[in-house]
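Following: one structure in structure tokens, then a few remarks.
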Amino acid sequence: MDSVHDLGGRQGFGPIDTGESDEPFHAPWEARLLGIVRAMSRPAGWTIDRFRFVRESIDPADYLTRRYYDQWLQTYAALMIDSGIATVAELASGKAAGKPEGLAPPMSADAVTKAKRAMIRFDRPSDATARFAVGDAVVTLRNGAPGHTRLPQYARGRTGRVEHDHGAHVLPDRNVDGEGYAEPLYTVSFAATELWPDAKGRDDRVYLDLWESYLAPA
Amino acid sequence: MAHDDPHHFEDIHQALHRHLPSEPALRVKALESLLIEKGMLDPKAVDAWISVYTEEIGPKRGATMVAKAWLDPDFRARLLADGTAAISELGFEGWAGAHFKVVENTPAIHNMVVCTLCSCYPHAVLGIPPNWYKTAAYRARAVRDPRGVLAEFGEIIPDNVAIRVWDSTSELRYMVLPERPPGTEGWSEDDLASLVTRNAMIGTERTLRPAGQGRR
């Protein structure tokens, strides 16, 4: 979706705050929220791509001005409402009017010892023949998908070079609804001057991981 | 989409904007209370996760990988060929570590990592990302003006060094293997690891220096 989250290459943003402290969290509520989202019970349908799509739907003014973990909070709140787990009134008051059914019990502190080592894979076995080979020239779609997609606007309709073939990975566009459909994923590089004619580094390149349906032969 | 109404989630967000408490800390407090009442959260597990990401899992893991790669050419080859296997080899398994790729700086190439679409980060080896990594400014500028961004971090990249910017658009997660600084011959793994900054592994710092010879 062509919302404000797709920030790559947008101009008008000021300098980076390079002087912040090395602390992982900059306010107690940020640490608390991170801990909550790692520990809370959740329905099976809350895939990483559903989370991203719902975050992308935040009002553009809020998206650009609210801190990162505050956006996470609102995304989880929206997911809870969408899944029928909570109401706006409950989230506003912190008081439960009812309990959801069918969710696993919450993670215990002891279970964190195992959960902190968990690694979720997104590659899938596939018989599909890769359409492109390393070294091939490819051109990206001119338009993005209407829902969630991982082809940024700055890399649309551009010609690049296939650098790696990663085999089949779950396609984010269709994983928003938990479909789990997978297709070949490639790392594709683009000359900075192909993306932006005024790029300063004439030999600089930008590398993106792109799914096969985002690409056509150049 | 699961919903016929294209504005389904926008409507939910606007209702939340209108009705949730005005301060983030109060919003988080209300969420935590609600989840506990609904039987969806054990606050002791929240404490445990905070402890994991403040005391245990952080950029020291990545720095250990870098120092090992500097000292052991075989490990370096394994790390560059299959970063995920290297994570398992060192017992560094964790969040967003399943598809891990390490990209190598050389005298002619500088690598830099960003996620323009959200804020993807290799948490298993670098922990919690710095706030600047998650800001709109870094996400917008890293791909289009990497040399300008690097200059703000104090790095002037010569014209004969090509920059490779890695935009983390899939579940692959990237980390930069910086060059070993001169003057560190004979150093131990721990001493070498202490030179490796988080920013060097994101790629917003290029020139590492032995302690006392420049900025951190």
Side-chain angles (χ1 to χ4, degrees), chain A residues 7-10 13-18 20 24 26 29 31-33 35-36 38-41 52 54 57-59 64 68 70 73-74 77-78 81 88 90 92 94 96 99-100 106-109 112 116-117 119-122 147 150 152 169 177 185 196 200-201 203-209, chain B residues 1-2 9-10 12-13 15-17 19-20 24-25 27-28 30-35 37-42 44-46 48-50 52-54 93-94 97-98 116-118 127-128 131-132 134 136-141 143-144 147 149 152-153 162-167 169-172:
Chain A
L7 284 161
R10 288 185 190 271
F13 292 96
I16 315 290
D17 177 11
T18 60
E20 70 173 73
H26 300 284
W29 67 263
R32 209 69 209 155
L33 195 274
I36 289 168
R38 299 308 293 170
M40 69 185 283
S41 307
R52 290 190 183 120
V54 175
S57 305
I58 291 176
D59 184 88
L64 289 175
Y68 181 69
D70 198 13
L73 181 151
Q74 185 154 310
I81 292 168
V88 174
E90 287 178 312
K99 282 192 175 187
M107 184 183 294
S108 68
V112 173
K116 72 186 179 188
R117 300 176 63 83
M119 302 220 285
I120 302 170
R121 296 198 69 95
F122 292 85
R150 298 291 284 181
H169 277 232
D177 292 322
L185 174 72
W196 298 287
K200 289 194 194 98
D203 295 323
D204 294 354
R205 298 186 78 84
V206 181
Y207 291 66
L208 294 89
D209 298 324
Chain B
M1 282 307 94
F9 281 111
E10 285 91 331
I12 291 175
H13 282 303
L16 289 166
H17 179 108
H19 295 290
L20 261 50
R27 293 197 276 273
V28 174
L31 176 68
E32 181 167 3
S33 302
L34 180 65
L35 289 168
E37 282 196 21
K38 284 186 176 284
M40 294 171 64
L41 187 70
D42 176 349
K44 292 195 177 67
V46 177
W49 276 112
I50 294 171
V52 164
Y53 284 107
T54 47
E93 292 94 340
T116 63
L117 294 173
C118 39
I128 300 297
N131 190 59
W132 58 257
K134 298 173 275 200
Y138 183 74
R139 289 166 52 192
R141 293 180 55 210
V143 283
R144 186 165 187 168
R147 288 169 187 270
V149 169
E152 286 169 23
F153 281 93
I163 296 181
R164 294 180 175 177
V165 180
W166 299 81
D167 188 356
T169 47
S170 77
E171 298 308 327
L172 270 72

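No experiment lies behind these values; they were computed from the predicted model shown. Chain identifiers are assigned alphabetically (A, B, ...) following the order of the sequence lines, protein sequences preceding nucleic acid strands; residue numbering begins at 1 within each chain.
- Across Gly94(B), Ser33(B), Ala15(B), the residue that shares the most heavy-atom pairs under 4.5 angstrom with chain A is Gly94(B).
- Looking at Arg52(A), only its side chain comes within 4.5 Å of chain B, counting heavy atoms on both sides.
- Interface remark: Leu35(B) contributes side-chain atoms only to the contact with chain A (heavy atom separation under 4.5 Å).
- Of the listed residues (Asp203(A), Val206(A), Ile16(A)), the greatest number of heavy-atom pairs within a distance under 4.5 Å of chain B belongs to Ile16(A).
- Within a 6.0 Å radius of NE2 in His17(B), no more than 12 heavy atoms belonging to other residues, nucleotides or ligands are found.
- Rounded to the nearest 0.5 angstrom, Leu33(A) CG and Tyr68(A) OH are separated by 10.5 Å.
- Ranked by heavy-atom pairs under 4.5 Å with chain B, the list Pro24(A), Ser108(A), Ser57(A), Pro15(A) is led by Ser57(A).
- Scanning for side chain to side chain contact (heavy atoms under 4.5 Å, CB included) contacts around Ser170(B) gives Leu185(A), Asp209(A), Trp211(A), Leu172(B), with sequence neighbours left out.
- For Ile12(B), the part sitting under 4.5 Å from any heavy atom of chain A is the side chain, from C-beta outward, and nothing else.
- No donor-acceptor contact under 3.5 angstrom links the side chains of Glu171(B) and His169(A), judged on distance only.
- Of the atoms belonging to Arg147(B), it is side-chain heavy atoms, and not backbone ones, that fall under 4.5 Å from chain A.
- With respect to chain B, the highest number of heavy-atom pairs below 4.5 Å among Gly14(A), Ala39(A), Ala31(A) belongs to Ala39(A).
- Applying the ring pair (Phe, Tyr, Trp, His ring centres under 6.0 Å) test to Tyr207(A) and every residue at least two apart in sequence or in another chain returns Trp166(B).
- For the set Ile50(B), Val52(B), Thr169(B), Leu20(B), the entry with the most heavy-atom pairs within less than 4.5 Å of chain A is Thr169(B).
- Heavy-atom pairs under 4.5 Å with chain B were tallied for Arg10(A), Lys200(A), Arg121(A); the largest tally goes to Arg121(A).
- Here Arg117(A) is the residue among Lys99(A), Glu90(A), Arg117(A), Met107(A) with the most heavy-atom pairs under 4.5 Å with chain B.
- No side-chain heavy atom of Pro24(B) sits under 4.5 Å from any side-chain heavy atom of Leu73(A).
- A donor-acceptor pair under 3.5 Å links the side-chain atoms of Glu20(A) to the main chain of Asn131(B), judged by distance alone.
- Counting heavy-atom neighbours within 6.0 Å of Asp59(A) CG, excluding the residue itself, gives a total above 12.
- Looking only at heavy-atom pairs under 4.5 Å with chain A, the residue among Leu41(B), Val28(B), Leu117(B) that has the most is Leu117(B).
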Asp167(B) and Thr116(B): CA distance, side-chain angles, deciding distance, side chain to side chain donor-acceptor pair (under 3.5 Å) verdict: CA-CA 6 Å; Asp167(B) 188 356; Thr116(B) 63; 2.7 Å; yes
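- Only the side chain of Asp70(A) comes within contact range of chain B, with at least one heavy atom under 4.5 Å from a heavy atom of that chain.
- Put simply, of Gly127(B), Ala137(B), Gly97(B), the one with the most heavy-atom pairs under 4.5 Å next to chain A is Ala137(B).
- Between chain A and the residues His19(B), Arg141(B), Glu93(B), Glu152(B), the most heavy-atom pairs under 4.5 angstrom are made by Glu93(B).
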Pair Lys116(A)-Tyr53(B), side chain to side chain contact (heavy atoms under 4.5 Å, CB included): steps then yes or no: CA-CA 10 Å; Lys116(A) 72 186 179 188; Tyr53(B) 284 107; 5.7 Å; no
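- Within 6.0 Å of atom CG in Leu64(A), more than 12 heavy atoms from other residues, nucleotides or ligands are found, so the atom counts as buried in its surroundings.
- Ranked by non-hydrogen atom pairs under 4.5 Å with chain B, the options Val54(A), Val88(A), Leu208(A) are led by Val54(A).
- Heavy atoms closer than 4.5 Å to chain A are found in both the backbone and the side chain of Val143(B).
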